[in-house]
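Scroll down for the structure; my scribbles are underneath it.
Lettering follows sequence order; numbering is per chain, from 1.
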There are 2 protein chains.
Amino acid sequence: MIILDLKDARPLYEQVVDRFKHLILCGVLQEDEKLPSVRNLAMELSINPNTIQKAFTELEREGFIYSVKGRGNFVASNGILIEHKKKELEQQIEELVKEAEGIGMSIEDIIEFLTKLK
Amino acid sequence: MIILDLKDARPLYEQVVDRFKHLILCGVLQEDEKLPSVRNLAMELSINPNTIQKAFTELEREGFIYSVKGRGNFVASNGILIEHKKKELEQQIEELVKEAEGIGMSIEDIIEFLTKLK
DNA sequence: TAAGTGTACTAATAGTAGTAATACAGTTGA
DNA sequence: TCAACTGTATTACTACTATTAGTACACTTA
């Protein structure tokens with residue numbers, strides 16, 4: 001299900017995160033489907049369970065999965081995932097607006113720039 | 001002119017960068033005014049010249065100052081500074097838009113969100 | 001050309017990120 | 001209830017990177 005590339009310079013947990021993101025976004029893993037357990041997957045990949053745990057924690061932080069103690073990790077609903085990402089983006093936008101105002105660029109200026117992008 | 005806080009966890013060069021940013025943005029340092037030399041300031045603060053050099057390189061990268069080999073570092077014109085920051089922001093906005101489109105959020109949606117911020 | 005200036009290279013060190021070993025804690029089903 | 005599964009927290013080892021410094025080079029100006 002998940003394949004690691006040990007020659008890849010990227011950290012193992014990051015590779016795991018990206019693989020699962022892909023599987024979820026492409027619909028291979030369906031809503032509420034159970035992910036392999038931390039231990040199983042770690043054994044299968046011959047790495048430490050904590051590395052998988054770190055990957056799952058990150059996936060949860062980004063809204064891709066949810067985790068239930070003692071039961072397992074599960075694919076989050078598409079709605080929740082998108083809602084999560086939307087909030088993240090809105091936060092980023094707010095920070096950007098603050099910075100922009102610091103150099104005398106108003107929200108209107110930003111909207112004007114966005115309009116040109118269309 | 002510049003004061004360091006050795007108890008501060010932040011790196012020395014970063015403290016120097018922030019101090020100068022403040023001095024420039026508040027107009028204490030005027031356009032084309034010469035900054036203290038790398039060696040002088042280093043001696044005054046009892047740190048290594050390379051640390052000041054690193055701070056100045058960062059300030060130049062962000063458009064706050066410009067540097068002339070053999071002559072010194074000088075405060076950039078306000079216009080250039082703002083232009084520089086504006087381009088940086090616009091780049092960030094473009095990246096944000098791409099991400100937003102990835103989750104089905106259009107430029108119009110972003111504009112709507114911005115409008116509510118006003 | 002001396003005395004100032006910025007810059008590049010290298011190295012020592014401290015801090016952090018990645019991974020692992022291990023122990024703790026919740027859930028489930030025979 | 002308890003064994004066997006599940007996620008989680010704590011700690012520690014290690015490799016990498018960031019920070020700082022030592023030193024040498026290169027340009028500018030009077």
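Under the 4.5 Å side-chain heavy-atom criterion for Ile, Leu, Val, Met, Phe, Trp and Tyr, B/I2 and B/M43 are members of distinct hydrophobic clusters.
Comparing A/I47 and B/G72 by the nucleotide of DNA chain C whose heavy atom lies nearest to each, the residue mapping closer to the 5' end is B/G72.
Dashed line: the shortest gap from a side-chain N or O of B/K54 to OP1 or OP2 of D/dT19 is under 4.0 Å. Regarding contacts with the backbone of D/dC5, every side-chain N or O of A/N40 stays at 4.0 angstrom or more from both OP1 and OP2. Proximity of B/R71 to the phosphate of D/dT29: a side-chain N or O atom is located under 4.0 Å from OP1 or OP2. At the phosphate of D/dT23, neither OP1 nor OP2 sits under 4.0 Å from any side-chain N or O atom of B/N48. OP1 or OP2 of D/dT8 has not a single side-chain nitrogen or oxygen of A/T57 nearer than 4.0 Å. For D/dT8, the OP1/OP2 oxygens have a side-chain nitrogen or oxygen of A/S67 closer than 4.0 Å. Regarding contacts with the backbone of D/dT6, a side-chain N or O of A/S37 is found under 4.0 angstrom from either OP1 or OP2. The shortest distance between the side-chain N/O atoms of A/N73 and the OP1/OP2 oxygens of D/dG7 is below 4.0 Å.
The shortest heavy-atom contact between B/M1 and B/E44 is N-OE2, 4.2 Å.
Two residues are said to be in side-chain contact when any heavy atoms from C-beta on lie closer than 4.5 Å; B/K85 and A/M105 fail this criterion.
Donor-acceptor pairing under 3.5 Å, judged by distance alone, is present between the side chain of B/R39 and the base of C/dG6. At a cut-off of 3.5 angstrom, counting only N and O atoms as typed in the model, there is a donor on one side and an acceptor on the other between the side-chain of A/N50 and the base of D/dA9.
Checking side-chain atoms of A/R39 against main-chain N and O of A/P49 turns up no donor-acceptor pair under 3.5 Å. Using a distance-only test at 3.5 Å, with no hydrogens or angles considered, a donor-acceptor pair links the side chain of A/Q15 to the main chain of A/D5.
Per the geometry, CG belonging to A/L59 stands 12 Å off P belonging to D/dT8, to the nearest Å. Note: CD (B/E60) to C1' (C/dT7) measures 11 Å, nearest angstrom. For the pair B/K34 NZ and C/dG4 P, the computed distance is 12 Å after rounding to whole Å. A/L4 places its CG atom 14 Å from the C1' atom of C/dG18, with the value rounded to the nearest Å. One interatomic measurement links the two molecules: NZ of A/K69 to P of D/dA4, which rounds to 22 Å at whole-angstrom precision. In this entry the distance linking CD1 of A/I52 with P of D/dG7 reads 11 Å, nearest Å. Distance A/Q15 CD to C/dT19 C1': 13 Å, rounded to the nearest Å. Here the C1' atom of nucleotide D/dA18 and the CD atom of B/E58 are 13 Å apart, to the nearest Å.
Between A/F20 and A/F56, the ring planes lie perpendicular to each other; the angle is over 60°, past the 30° to 60° tilted range.
Among the atoms of the strands shown, base atoms are found under 4.0 Å from some heavy atom of A/Q53. Among the heavy atoms of the strands, none lies under 4.0 Å from A/F56.
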